[in-house]
Amino acid sequence: MKQQLEQLVLAALNNLPGGLLPEAPSPAAIVVERTRDTQHGDFATNVALRLAKAARRKPRELAEAIVAALPVNPLVARTEVAGAGFINFFLTTNAYAQELATVHELGERYGRSNLGQGQRVMLEYVSANPTGPLHVGHGRQAAYGATLANLLGAVGFDVAREYYINDAGRQMDILAVSTWLRYLEICGEELPFPANGYRGDYVRPLAQKLHTKLGEKLRRPATAVLANLPVDAPEGDKEAYIDALMKRARELIGADGFREVLELSLAEMLTGIQADLAEFGVVFDRWYSERALSDSGAIDRALARLEAQGRLYRQEGALWFRATEFGDEKDRVVVRENGQKTYFASDIAYHLEKRELGFERLIDVLGADHHGYIARVRAGLIAMGEPGDCLEVNLIQFVSLFRGGEKIAMGKREAQFVTLRQLREEVGNDACRFFYLMRSHDQPLDFDLELAKSRTNENPVYYIQYAHARVASVMKQLAARELSFDRAEGLTSTELLVGSQEQAVLNSLARYPEALEQSAVNRAPHTLVHYLRELANALHTYYNAEQFIVGDAKLRNARLALVLGVQQVLRNGLTLLGVSAPESM
RNA sequence: GCGCCCGUAGCUCAGUUGGAUAGAGCGCCUGGCUACGAACCAGGAGGUCGGGAGUUCGAAUCUCUCCGGGCGCGCCA
């Protein structure tokens, strides 16, 4: 609808008497918007205000000229010039009737578009380290990323969903040694647990699995493990301590034994994460391993590319990338003095590889604490000859959990933190995803468990679902009265839908494609949430004002066609959000 | 200190590339079930859009500055 009006305005501008406009109007300059107030019609444009100065005319005068030049169109009932020089469009009831027919015709495809024109987008989200279970913060990233992927797909982008597994580096060694120590405990050895180890209870099942698989094969006496180790925190250095412990582990069980522990731990953690996300309705097209990236030589290739461009230099034994030349605040180490490549090196290699795979746009969904990372990865891409603006990073602000107004404390390596799984089990997937998505992602989120669980009117979760179920309930009632819905008659009787609630519902319904597009373009799932709430509100209001199942068959079918259209759009929207659309509740 | 995000009703938050009288939910007050589900609806009270300056036909929105809050600034990942 909006697009058609923009075309109309463009045609009018081209029809204007010669010399009124200094230059030919560009389609981009024409903006038609939904009005905020129905008194101003359905749509309005401010072109006259924008072009008044260039045309050397008063805005209202120019507006009048534009209105006079507007071609006749069956969608538009009338136009008016209002306010400072706005042009308001009042649509015909037929325009809305056609839109309702489109909803019925397209069904679950209604609202989709080809805005993205098949552009290939790689969307990376969650990518939590496989060293612990997903927590509530990852949950927000998962809900956001999964929904954004749905939104982009719905408006015509070719989206690949990816999870990057940070399975390389020291953290994996720490996980392995943590598992081994718990394994030794199961074997009956008594030893202290390192301050810098992964202390969470989730490590014990890994150790149990190891024990079941290998028996006592990797058991070593505690005295041998602990002999001549430096002092652990708090008195000593926890980093030095755990490094010594990892070295000791390799000595005692060998590189092969250590690798076995590591692989089992990693596999178990990943399986858990994958199951967790799958149950949450969050899926990926590819789980990509940092080690695979390294093994493929991609990191060396990326570094060679930087070297060839003269972007690397050596200082104090390390190899540095001149990131400052590309907008970063400081240069970055890519190869450490000890010869190990940094996380940053694999990161730029990874992003380069995404480009080499043919993705035009790279979107990373990251926690808010990663913002420092954007400039340096972008610098890396530019230095390697890629356009810096192909990378887009959406930062997800933190989640604070509350229980009845009481904030729940969360620590990173603490033994007690709330996992995504616990949260889902307590409040359910639907409430979980809804609460994660109802706020803008760049706003910190207060997640109240009691509110999410409550079945009262304080809880916004059920409002939209209830509207959907309500329509289903009406249809059941229809069947119970031994009546049936005649779609064809309903769609040809829409001229009977003249009540103010009916007009409001039709209007709200027709806004869905715009809301969806806006939600996708702005990377803002919460926009869709708010739209769906408004649509549900229109339905509830209508429901309370009018009886749908009435004696007059034409009116009955028209009303049912309308509410079924609402149900369809609610279902389409909820599906994109990953929230179920129940028939009853 | 530097960088990123943010500050809107008592609370939690929307507010589109700058548009017309700044909105919603909760809470509070009033009213609505012998009609398809009251997990609902209708109405009301409630605002210096953190403060100040600027840009212009027009600013919650853009710029500057100050105040307040969150996060980040490693040869960790």
Side-chain angles (χ1 to χ4, degrees), chain A residues 28 31 33-37 39-40 44-46 49-50 52-53 58-59 82-86 88 129 131 166 168-172 174 239 290 315-320 329-330 332-338 340-344 346-347 367-375 395 397-398 400 405 438-446 448 451 454-463 465-467 469-478 480-481 514-515 517-519 521-522 524 526-527 529-530 533-534 536-537 539-550 559-560 563 584-585:
Chain A
V31 178
E33 301 179 300
R34 285 274 171 188
T35 55
R36 208 172 279 175
D37 188 336
Q39 285 182 359
H40 300 135
T45 180
N46 60 359
L49 288 159
R50 292 186 156 218
K53 189 172 272 184
K58 288 179 181 168
F86 294 98
N88 294 336
N129 292 342
T131 53
N166 293 122
R170 182 164 172 265
Q171 56 175 353
M172 293 313 303
I174 295 177
E239 303 290 350
E290 183 183 356
Q315 184 179 312
E316 295 168 11
L319 193 60
W320 295 71
E329 59 186 7
K330 54 182 78 166
R332 305 289 172 179
V333 172
V334 287
V335 182
R336 293 198 281 267
E337 193 175 0
N338 65 12
Q340 285 193 322
K341 291 160 196 132
T342 60
Y343 178 78
F344 172 63
S346 44
D347 246 347
D369 53 338
H370 282 67
H371 65 73
Y373 147 119
I374 303 171
L395 297 175
Q397 295 295 320
F398 289 155
S400 300
M438 70 182 185
R439 302 294 180 219
S440 169
H441 66 276
D442 55 16
Q443 197 79 240
L445 177 67
D446 289 344
D448 194 315
L451 183 60
S454 74
R455 309 235 155 201
T456 69
N457 61 350
E458 290 174 44
N459 191 339
V461 182
Y462 303 108
Y463 189 84
Q465 291 185 318
Y466 184 46
R470 225 173 191 180
V471 176
S473 178
V474 169
M475 296 312 284
K476 279 179 212 147
Q477 190 57 225
L478 186 76
R481 297 186 194 179
E514 295 155 38
E517 179 181 318
Q518 192 186 335
S519 193
V521 168
N522 294 338
H526 76 279
T527 299
V529 174
H530 284 271
R533 204 198 175 282
E534 281 166 29
N537 175 246
L539 189 279
H540 286 310
T541 301
Y542 182 32
Y543 181 92
N544 276 277
E546 303 284 357
Q547 185 77 6
F548 305 154
I549 304 173
V550 291
R559 287 180 170 174
L560 291 175
V563 297
S584 67
M585 44 195 295

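Residue numbering restarts at 1 for every chain, and letters A, B, ... go by the order of the sequence lines. These values consider heavy atoms only, across backbone and side chains, with no hydrogens, waters or symmetry-generated copies.
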Reckon [X] has a side-chain N or O less than 4.0 Å from the OP1 or OP2 of [N]?
X: Thr541(A); N: A42(B); value: yes
X: Arg470(A); N: A38(B); value: yes
X: His540(A); N: A39(B); value: no
X: Gln443(A); N: A14(B); value: yes
X: Tyr466(A); N: A39(B); value: yes
X: Lys330(A); N: G74(B); value: yes
X: Arg336(A); N: A77(B); value: yes
X: Tyr543(A); N: A38(B); value: yes

Would you mind reading off the distance between [X] atom [atom1] and [N] atom [atom2], rounded to a whole angstrom?
X: Lys476(A); N: G37(B); atom1: NZ; atom2: P; value: 9 Å
X: Arg36(A); N: A60(B); atom1: CZ; atom2: P; value: 11 Å
X: Gln397(A); N: G7(B); atom1: CD; atom2: P; value: 11 Å
X: Glu239(A); N: C75(B); atom1: CD; atom2: P; value: 14 Å
X: Met438(A); N: G23(B); atom1: CE; atom2: P; value: 22 Å
X: Leu395(A); N: C71(B); atom1: CG; atom2: P; value: 14 Å
X: Leu478(A); N: C36(B); atom1: CG; atom2: P; value: 14 Å
X: Gln340(A); N: A77(B); atom1: CD; atom2: P; value: 7 Å

Greater than 12 external heavy atoms within 6.0 Å of Gln315(A)'s CD: yes

Is there a donor and acceptor pair, one atom on the side chain of [X] and one on the base of [N], closer than 3.5 Å?
X: Asn88(A); N: A20(B); result: yes
X: Asn46(A); N: G19(B); result: yes
X: His530(A); N: G15(B); result: no
X: His371(A); N: C71(B); result: yes

Determine yes or no for a side-chain-to-main-chain donor-acceptor pair under 3.5 angstrom, with [X] supplying the side chain and [Y] the backbone.
X: Thr342(A); Y: Val333(A); value: yes
X: His40(A); Y: Ala82(A); value: no
X: Asn46(A); Y: Leu49(A); value: no
X: Asn537(A); Y: Arg533(A); value: no

Distance-only donor-acceptor check, side chains Asn129(A) and Gln171(A), under 3.5 Å: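 The answer is yes; a qualifying pair exists.
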
No-hydrogen, no-angle side-chain donor-acceptor test under 3.5 Å, Glu290(A) and Ser346(A): yes

Of Asn544(A) and Gln315(A), the one whose closest RNA chain B nucleotide lies more 5':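 Its nucleotide being nearer the 5' end, the pick is Asn544(A).
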
Ser440(A) vs Tyr542(A), nearer the 5' end of RNA chain B by closest nucleotide: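 The residue mapped nearer the 5' terminus is Ser440(A).
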
Could you give the distance separating [M] and [N] at their [atom1] atoms, to the nearest angstrom?
N: G74(B); M: G58(B); atom1: C1'; result: 49 Å
N: A59(B); M: G52(B); atom1: C1'; result: 15 Å
N: C11(B); M: C67(B); atom1: C1'; result: 23 Å
N: A60(B); M: A14(B); atom1: C1'; result: 12 Å
N: A22(B); M: G46(B); atom1: C1'; result: 14 Å
N: U56(B); M: G50(B); atom1: C1'; result: 24 Å
N: C6(B); M: U16(B); atom1: P; result: 13 Å
N: U17(B); M: C2(B); atom1: C1'; result: 31 Å

Sugar-phosphate only, base, or nothing, as touched by Arg332(A) at under 4.0 Å among non-hydrogen atoms: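 No contact at all - Arg332(A) keeps every heavy atom at 4.0 Å or more from the nucleic acid.
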
Touch class at under 4.0 angstrom, heavy-atom based, for Thr131(A) against every strand present: nothing

Worked verdict on Phe548(A) versus Tyr542(A) for ring-ring contact (aromatic ring centres under 6.0 Å, His included): CA-CA 9 Å; Phe548(A) 305 154; Tyr542(A) 182 32; 4.7 Å; yes

May I ask which nucleotide in the shown strands pairs with [N], Watson-Crick or G-U wobble, both distances under 3.5 Å?
N: G18(B); result: none
N: C2(B); result: G72(B)
N: A24(B); result: U12(B)

Residue Arg439(A), side-chain atoms from C-beta onward, closest of G19(B), U12(B), C36(B):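 Closest nucleotide among those given: U12(B).
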
Proximal nucleotide (of A24(B), G37(B), C57(B)) relative to the Met585(A) side chain: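 The answer is G37(B), which lies nearest to the side chain.
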
